[in-house]
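Here is the structure we will look at.
Quick note: residue numbers are just sequence positions, from 1. Predicted, not measured: the structure shown is a model, and the values here were computed from it.
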Amino acid sequence: PHAWLLGGVSVPYGISIELNYLPSTNIQDVKMNHLSTGLKWSVTDQFFKGLPFDWAVRTYYTRSEISYTQQVSDPLFPATSTVDVSFTNTMIGGDSLFGFDLGMVEPYFGVGYVKTDGELRGVSTTATPYSLFDDTTSRSKISRQDSARYIAGCQFHLAVMNVGLEYTRVFEVNRLSAKLGVQF
């Protein structure tokens, strides 16, 4: 499950700026934060106005972090270790989106590219050395991946409110999102 608050501003020439922000938050012993920014240009707002569809290109950057402390026992060491565990993920990507404005209903689809860098760290805060990883010496592991991104959805325009449903496939994972927006 996922939920976010997203703010966006449209400026002249078909440009929109998005910001999605979760300040550093502690829930019990888990600390997390998130920042996502996006820039979208609705090309058909400026050019090719006679086309029967809308076309936009979008780029975005995301950084998410989560950390917590955990007590870990290992049969190789006589004592319990306190380990600070953290995960940082950055993502950058771009999409090309096509939509059809049918009045109150706007179906859309798109394709894009996503690149992520993730790092999992586990550092012992006690005197006993400890590694979370199978090699028993590493303090962090890094993963870099990229993927095509496929998007399909529909948005319903209801006066000052928009309601949407969106399907996304990226990194071989399917996600279905419901969206609720207010515009003024």
- Do the side chains of Tyr68 and Val83 join up, straight or via other hydrophobic residues, at under 4.5 Å, putting them in one cluster? yes

- Within-4.5 Å side-chain heavy-atom neighbours: Leu176 and Leu165: yes

- Query: For atom NZ of Lys179, is the number of surrounding heavy atoms from other residues, nucleotides or ligands below 6.0 Å larger than 12?
  - Reply: no

- Note on the structure: Smallest heavy-atom separation, Leu97 atom then Gly110 atom, equals CD2-CA, 3.9 Å

- Task: Treat each ILVMFWY residue as a node, draw an edge where side-chain heavy atoms are under 4.5 Å apart, and state whether Val85 and Ile27 are in one component.
- Result: yes

- Asn20 CG to Thr37 OG1 distance, which is reported to the nearest 0.5 Å: 9.5 Å

- Query: Would a 4.5 Å heavy-atom cut-off, applied to side chains only, mark Asp95 and Lys40 as touching?
  - Reply: no

- Query: Heavy-atom distance under 4.5 Å between the side chains of Thr88 and Arg121, does that happen here?
  - Reply: yes

- Point-to-point distance, once rounded to the nearest 0.5 Å, from OH of Tyr60 to CG of Leu39: 13.0 Å

- Item | Rounded distance [0.5 Å steps], CZ in Phe87 versus CG in Leu120 | 7.0 Å

- Message: Minimum heavy-atom separation for Ser86 and Ser67, please, with both atom names.
- Response: CB-CB, 3.7 Å

- Between the side chains of Thr62 and Ser36, is a donor N or O closer than 3.5 angstrom to an acceptor N or O? yes

- Just how far is it from atom OG1 of Thr25 to atom NE2 of His34, taken to the nearest 0.5 Å? 11.5 Å

- Message: A side-chain contact here means heavy atoms from C-beta on lying under 4.5 Å apart; do Leu180 and Met161 qualify?
- Response: yes

- Query: Would you say the side-chain atoms of Asp101 pair up with the backbone N or O of Gly103, donor to acceptor, closer than 3.5 Å?
  - Reply: yes

- Query: So, the side chain of Ser16 versus the backbone of Ser10: is there a donor-acceptor pair under 3.5 Å, distance only?
  - Reply: no

- Message: Quick check for you: to the nearest 0.5 Å, what is the distance between Asn26 atom CG and Gln28 atom CD?
- Response: 11.0 Å

- What are the two closest non-hydrogen atoms of Gln46 and Tyr13, and how far apart are they? NE2-CA, 3.1 Å

- Joint hydrophobic cluster, Val160 plus Val105, side-chain heavy atoms closer than 4.5 Å: no

- Message: Are Tyr150 and Met91 linked, directly or through intermediate hydrophobic residues, by side-chain heavy-atom contacts shorter than 4.5 Å (ILVMFWY only)?
- Response: no

- Validation row: Trp41, Val43 side chains within 4.5 angstrom (heavy atoms): yes

- Check for a donor-acceptor pair, side chain of Thr59 on one end and backbone N or O of Gly93 on the other, with a separation under 3.5 Å. yes

- Which is it for Val163 and Leu158 under the side chain to side chain contact (heavy atoms under 4.5 Å, CB included) test, yes or no, and what are the steps along the way? CA-CA 8 Å; Val163 177; Leu158 310 170; 4.1 Å; yes

- Query: Hey, does Met104 have a side-chain heavy atom less than 4.5 Å from the side chain of Phe156?
  - Reply: no

- Got a salt bridge between Glu166 and Arg175, using NZ or NE/NH1/NH2 to carboxylate O under 4.0 Å? no

- Message: As a quick check of understanding, evaluate side chain to side chain contact (heavy atoms under 4.5 Å, CB included) for Tyr21 and Asn33, giving each step before the final call.
- Response: CA-CA 8 Å; Tyr21 179 64; Asn33 63 63; over 6 Å; no

- Message: In the structure I gave you, are the side-chain heavy atoms of Tyr167 and Asn174 within less than 4.5 Å of one another anywhere?
- Response: yes

- State, without any angle test, whether Asp84 and Thr69 hold a side-chain donor-acceptor pair at a distance under 3.5 Å. yes

- Taking the side chain as every heavy atom from C-beta outward, state whether Val111 and Arg149 have any pair of such atoms under 4.5 Å apart. no

- Query: If two hydrophobic side chains count as joined below 4.5 Å and joins carry through other members, does Val9 share a cluster with Val57?
  - Reply: yes

- Query: Between Arg144 and Asp146, does at least one N-O distance fall below 4.0 Å, as a salt bridge requires?
  - Reply: no

- Task: Could you check whether the rings of Phe48 and Trp55 sit parallel, tilted or perpendicular, using 30° and 60° as the cut-offs?
- Result: tilted

- Task: Just do the side chain to side chain contact (heavy atoms under 4.5 Å, CB included) check on Thr44 and Lys49 with the steps written out, would you?
- Result: CA-CA 5 Å; Thr44 50; Lys49 292 183 180 184; 6.0 Å; no

- Between CD of Glu119 and OG of Ser143, what distance do you get to the nearest 0.5 Å? 11.0 Å

- Could you walk me through whether Ile151 and Arg169 pass side chain to side chain contact (heavy atoms under 4.5 Å, CB included), step by step? CA-CA 7 Å; Ile151 307 152; Arg169 180 168 175 83; over 6 Å; no

- Message: So which atom in Leu102 and which in Pro107 form the shortest heavy-atom distance, rounded to 0.1 Å?
- Response: CD1-CD, 3.9 Å

